[in-house]
Each structure stands twice: as structure tokens, then as C-alpha cells.
Amino acid sequence: MKITIVTIFPQLINSFTNNRIFQRALENNIIDLNIVNLRDFSNNKHKSVDDYGFGGGVGMVLKPESFFDFFKKSGAKNIIFPSPQGVKLNNEIAKELSSKNELTFICGHYEGIDERVVEKYVDLEVSIGDYVVSGGELPTMVILDSIIRFIPQFIKKESAEIESFEAGKLDFGVYTRPETIDNLKVPSVLTSGNHSMINQYRKRDSLLRTLIKRPDLISKLPKEDKQFIKNIVKDIL
Ligand code: SAH
């Protein structure tokens, strides 16, 4: 997948890509990452890319010219604008975007990007939640990280399938060595070597967590899972 990120802080992106998920995707040529400094497309000698907003009362706004110039020269496709006004990111959106062979992210700053850029070029505005952060770089990396894990060559299918929200429920709890710390023990079934009991335990743990932490997800679960939850609750009572 060809990924282009247009930003006024390229060094910020570099610091985020220095993690296992991005390094593996880059090394295996699953993604081709292209970081574009918006200032390289500035039309003035000071390389400035922002200006005061029309109408007063707002702070600086990223000017449209550099974006227009970049889009005309690059022919970039599937333009995503991380924005608090976009559709809220979830598993389905991440999965859908993972099927594209090219994605372009434009990072806003200050008060945002001149609205005409959004009007003319943006295909999708994506929000990472109902709060405002100061720039589009972090949201871009959050969105991208959630997408990359769905690219089939990147992750073994089984391992993507057991993460939270796949199959509509939360993931089970995980443990590693040591088996005991401060008298807290790993559930004995996990060290029993009995795989069918382990699977049963994990299914129970996953559904119980969903019931406690995200009861809003329960109504969309398949009948079989709902019945399983009823049995768990009956057992507990
Ligand atoms: N004035 C704008 C916010 C500007 S914040 C508004 O209220 O809509 C500066 C930039 O940070 C935005 O252009 C966007 O790219 C990014 N950003 C801020 N909060 C975000 C969020 N919740 N999701 C995605 N991007 C966000």
C-alpha cells in the first residue's frame, strides 16, 4: 500500500514510525511510506504555509495553495483528512481502508486547513474521538496503525481475528511469566496444556469482559454467544 502523509512537521511522523508495527510493514514492503513536507510546496520565499483566518476571531489557518499544488503535481489518491468533524474511527472503517492500494493523509494544524482543500480534494474525514488534539500527525498515525494490522500480508489472519472488536467482543486477558507475582497467579487452566479447556476459558473470559466493560456490544452478538453469556450469569448466580 502506498501511503503519503502531508505535514508541516515531518520529523514528528519519523518518530512515530520507529515502532515494531511500522518497521515490520516497511521492511516487508507491505507499505511504502512517503512523507511530504508541505513547505516544499509553498509559493513564497519564506516557505510559510499558514495565514490569518478570514472573518477574524480565529487563529492561523493552513493556506490552500500548497495543498492544491501538491495534489496537482502528485495525483495523490484516496485523500483522508483526520479531523474532529469526521466519521469516528472504528474497526470497520480501518478494515475498509486496508483494502485500498493507496492512501494519502493531510495533517491539519492551528485552526485547521482552508475549507476549500477539504471541499475539492478530501475523500474522507476521520475523527479519532470527540476531543481536539493540536495537529493531524498523531491522529494520522492512530488511523494508519489500525489500518496496517488488517493488511492481509502483514498479520497472520488468526491473530487479527482474536483482537478486541473482531467478532464484536472484547479480547480475553493475557498473561506471561512469571506464573506468580505478589501472590497473584496466572489462571491455572492456561498452564494446563489442555487446549480445549483453554479455548473454553478464553471464550468465557472474552464474553464476561464484554458484558462488564462494554454491555452496549452484547445486543449485536450472535445467538450462540448470547446463550453462552446467559449460562455464565446463571453459573455465577
Ligand atoms: N478547529 C478545528 C480543530 C483544529 S485542531 C475544529 O474544531 O474542527 C488541528 C488539527 O488537528 C485538525 O485540523 C486535525 O487535522 C487534527 N485533529 C484534532 N483533533 C482531531 C480528532 N479528534 N481526530 C482527528 N484529527 C484531529
Side-chain angles (χ1 to χ4, degrees), residues 1-56 58-87 89 93-94 97-128 132-148 151 154:
M1 180 191 282
K2 180 181 174 194
I3 292 161
T4 303
I5 303 175
V6 184
T7 170
I8 56 171
F9 294 117
Q11 71 282 10
L12 260 183
I13 303 288
N14 287 328
S15 69
F16 295 136
T17 56
N18 234 336
N19 68 30
R20 197 179 55 91
I21 231 177
F22 281 96
Q23 287 308 317
R24 235 181 77 200
L26 287 168
E27 279 160 19
N28 298 322
N29 296 321
I30 290 163
I31 57 168
D32 165 21
L33 188 61
N34 178 21
I35 302 169
V36 173
N37 188 341
L38 186 66
R39 291 184 201 284
D40 292 344
F41 291 84
S42 166
N43 60 358
N44 63 66
K45 64 172 189 288
H46 303 293
K47 301 270 176 211
S48 80
V49 286
D50 58 318
D51 207 338
Y52 294 98
F54 278 125
V58 294
M60 303 306 278
V61 175
L62 288 179
K63 288 155 65 62
E65 299 97 318
S66 330
F67 286 104
F68 275 47
D69 192 31
F70 165 73
F71 286 130
K72 280 175 187 154
K73 285 184 178 146
S74 67
K77 288 198 196 71
N78 301 329
I79 318 297
I80 298 173
F81 175 35
S83 149
Q85 304 184 16
V87 289
L89 182 63
I93 294 172
L97 292 174
S98 74
S99 66
K100 310 278 182 206
N101 52 23
E102 176 174 352
L103 291 177
T104 306
F105 293 85
I106 55 171
C107 303
H109 260 278
Y110 318 117
E111 284 308 316
I113 298 178
D114 186 291
E115 196 56 33
R116 289 164 294 181
V117 176
V118 184
E119 215 172 276
K120 178 150 181 171
Y121 288 108
V122 169
D123 296 298
L124 185 67
E125 284 183 68
V126 180
S127 165
I128 57 164
V132 173
V133 295
S134 51
E137 287 76 13
L138 260 173
T140 293
M141 298 320 281
V142 170
I143 300 164
L144 207 45
D145 193 321
S146 73
I147 292 171
I148 290 173
I151 300 177
F154 179 69

Would you give the length of the straight line joining atom [atom1] of [X] to atom [atom2] of [Y], rounded to the nearest 0.5 angstrom?
X	Y	atom1	atom2	answer
Leu97	Met1	CG	CE	7.5 Å
Phe71	Ile106	CZ	CD1	4.5 Å
Ile151	Ile147	CD1	CD1	8.0 Å
Gln11	Ile8	CD	CD1	9.5 Å
Phe105	Leu124	CZ	CG	9.5 Å
Ser42	Lys47	OG	NZ	6.0 Å

Evaluate the criterion side-chain contact (heavy atoms from CB on, under 4.5 Å) for residue pair Ile5 and Met141; output intermediate values, then yes/no.
CA-CA 10 Å; Ile5 303 175; Met141 298 320 281; 4.1 Å; yes
Taking the side chain as every heavy atom from C-beta outward, state whether Thr4 and Ser74 have any atom pair closer than 4.5 Å.
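Sidechains of Ser74 and Thr4: no contact.
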Sub-4.5 Å side-chain heavy-atom contact between Ile79 and Phe67:
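Ile79 vs Phe67: side chains apart.
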Decide yes or no on side-chain contact (heavy atoms from CB on, under 4.5 Å) for Phe41 and Lys73, but give the supporting numbers first.
CA-CA 10 Å; Phe41 291 84; Lys73 285 184 178 146; 4.0 Å; yes
Over all atoms of both residues, closest heavy-atom pair of [X] and [Y]:
X	Y	answer
Tyr110	Met60	CB-O, 3.1 Å
Ala76	Thr104	CB-OG1, 3.5 Å
Gln85	Glu125	CB-OE1, 3.9 Å
Pro82	Pro139	CB-CB, 3.8 Å
Thr7	Cys107	CB-SG, 4.1 Å
Ala94	Leu89	N-CD1, 4.5 Å

Using a cut-off of 6.0 Å, state whether more than 12 heavy atoms not belonging to Arg39 lie near its atom CZ.
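For Arg39, atom CZ is crowded (more than 12 foreign heavy atoms under 6.0 Å).
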Determine whether more than 12 heavy atoms belonging to other residues, nucleotides or ligands lie under 6.0 Å from atom NZ of Lys77.
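Atom NZ in Lys77 is not packed in, count stays at 12 or less.
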Do the side chain of Glu111 and the main chain of Val58 share a donor and acceptor less than 3.5 angstrom apart?
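Absent.
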N/O donor-acceptor pair under 3.5 Å between Asn19 side chain and Phe22 backbone:
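Flag set: sc Asn19 to bb Phe22 pair under 3.5 Å.
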For side-chain contact (heavy atoms from CB on, under 4.5 Å), just list the numbers for Phe154 and Asn28, CA-CA rounded to whole Å, side-chain angles, deciding distance to a tenth of an Å, and then say yes or no.
CA-CA 8 Å; Phe154 179 69; Asn28 298 322; 5.8 Å; no
For Lys63 and Val49, run side-chain contact (heavy atoms from CB on, under 4.5 Å): C-alpha distance rounded to whole Å, both residues' side-chain angles, the deciding distance at 0.1 Å, then the answer.
CA-CA 6 Å; Lys63 288 155 65 62; Val49 286; 5.7 Å; no
